[in-house]
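Beneath this line is the structure, given in structure tokens, with notes to follow.
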Number of protein chains: 2
Amino acid sequence: MPRWEPDAQLRLETAALELFAERGYDGTTVADIAERAGLMKRSFFRYFPDKREALFGGTERLVAHLRQEVEEAPADTPPWQVLIAALTSSGRLFPKDRAVAHQRQSVIAANPELREREVLKMATLHDLLTSLLAQRGIPERQAAYLVRLAQTVYEQAFAQWIAPGADMTFEGCMADAAAELDRALTLGMADATSAARRLGAGQPAR
Amino acid sequence: MPRWEPDAQLRLETAALELFAERGYDGTTVADIAERAGLMKRSFFRYFPDKREALFGGTERLVAHLRQEVEEAPADTPPWQVLIAALTSSGRLFPKDRAVAHQRQSVIAANPELREREVLKMATLHDLLTSLLAQRGIPERQAAYLVRLAQTVYEQAFAQWIAPGADMTFEGCMADAAAELDRALTLGMADATSAARRLGAGQPAR
DNA sequence: CTCCTGATAACACTTGGTGTCGTCGTTTGT
DNA sequence: ACAAACGACGACACCAAGTGTTATCAGGAG
């Protein structure tokens, strides 16, 4: 007979999400979370470096997935296609139950500290993807642009997928968001100093 | 004769930047900062909501500047041009001494907590600019894409401006970064589902 | 049976951050 | 010119996040 219940980390994650939803992030102490999970406050920090991380457990898997997808893509696949494919397939890592994802997102949106952490995760992902593209021979600053754009598509798609009501696969949401990007680029940059004019006029600058 | 020295906030900001550079962010307590500024720990929190904010004092001015620039732009100016113009002119708010900006950026880069805050500030700016564009009639999701792209140009330009060695105006850096964006869009998305193809075909959407 | 390992409780401690009150120059009103 | 309200700060108490350390006890290896 084991001395302690198994799955301590999972219990902590569940307890944290529940309590944040019930009382808010600020209204919940680490001791509260630990107590609901049947542990001591000190044990919480053996599983998570800080209080926020209890909500961001899935990040390592996402990082691993993206790294693998990009590294394994054929060398001649255009970078944009690599990014979109990797991000689209990462939808497999999402919880089966959209409601869980939605609740988690609500909790994050309700608290600046949590938003801060989420945004940092996206920035970390940005650095990762940029360096992976750089390894494929894409100039680093150009890679940075493509990654940022792809991440924004991803965020928009995720928001749409989460939304209650709409009943789409994540893949469908990604396709939608990418189409919207098309419109934004043609509409927004139509007569700026930028891509649209050069592409339209066939006149490479510089 | 005043009872206390004036400019307490400025003294705190200076002390914080110095100490973070000397001993690192973690190696510096709020009491240390307050002491160097000739105040008590409690007074620090009368000027800043938390320890990190001592490094981000300029944000309110930046927000005010961007809001004003976007709101005052003629209604028929294309959104991309509005964004780039607003961000470019915000270079006027930077410290005259590039070395100060560079040191500040080094301190931020050296600490995840500070990076977290910086990235949150950018996200806040993103929300602001997106809603300002939405007020101008740009569909919100398209606005989100344009803003993200413009912010990335801004970041790249700032990094280049900061860099020791290169001696360019911020305006010049923005132009450079925008040109790099051109190349990224043509190169990276050449045969994706996206804008480049449609633009190349001379087919304005909408 | 004993030793070792690993996960946990228990406890002390530092630091970020807040509430509160008293103090005393400064400013305002008359 | 004088009193009252104001404002910035010191001083102190307090809570919660996060860390270091030690003791405890299950199960596995020899």
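A note on names: the letters A, B, ... follow the listed sequences, proteins ahead of strands, and every chain is numbered from 1. The model shown is predicted, which means the values in this text are computed figures rather than measured ones.
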Original post:
Quick one: salt bridge (charged side-chain N to carboxylate O under 4.0 Å, His left out) pairs with a partner in residues 142-162 of chain A, sequence neighbours left out?
Top reply: A/Arg148-B/Glu155, A/Glu155-B/Arg148

Original post:
Between residues 34-56 of chain B and DNA chain C, which residues have a heavy-atom gap below 4.0 Å?
Top reply: B/Lys41, B/Arg42, B/Phe45, B/Arg46, B/Pro49, B/Asp50, B/Lys51

Original post:
Which residue pairs pass the salt bridge (charged side-chain N to carboxylate O under 4.0 Å, His left out) test with at least one member in residues 8-21 of chain B, sequence neighbours excluded?
Top reply: B/Glu18-B/Arg36

Original post:
Over how many whole Å does the gap from A/Asp32 atom CG to D/dA17 atom P extend?
Top reply: 8 Å

**OP:** Specify the residues of residues 17-31 of chain B, ordered by number, for which at least one heavy atom lies under 4.0 angstrom from an atom of DNA chain C.
**Re:** B/Thr28, B/Thr29, B/Val30

Subject >> Results of side-chain hydrogen bond (donor to acceptor under 3.5 Å, both in side chains) for B/Arg115 - residues two or more places apart only >> reply: A/Asp127

**OP:** Mind listing the closest non-hydrogen atom pair of A/Phe44 and A/Asp50 along with its distance?
**Re:** CE2-O, 3.7 Å

Can you give me every donor-acceptor pair (side chain of residues 158-170 of chain A, partner residue at least two apart or in another chain, under 3.5 Å) with its distance?
| residue | atom | partner | partner atom | Å |
| --- | --- | --- | --- | --- |
| A/Gln160 | NE2 | A/Asp176 | OD2 | 3.3 |
| A/Asp167 | OD1 | A/Arg98 | NH1 | 2.9 |
| A/Thr169 | OG1 | A/Gly172 | N | 3.0 |

Original post:
Going by the ring-ring contact (aromatic ring centres under 6.0 Å, His included) test, which pairs reach into residues 51-73 of chain B, not counting sequence neighbours?
Top reply: none

Subject >> Non-neighbouring partners of A/Glu116 that pass side chain to side chain contact (heavy atoms under 4.5 Å, CB included), sequence neighbours left out >> reply: B/Arg52, B/Glu116, B/Arg117, B/Leu120

Subject >> ring-ring contact (aromatic ring centres under 6.0 Å, His included): pairs with one or both residues in residues 100-121 of chain A, sequence neighbours excluded >> reply: none

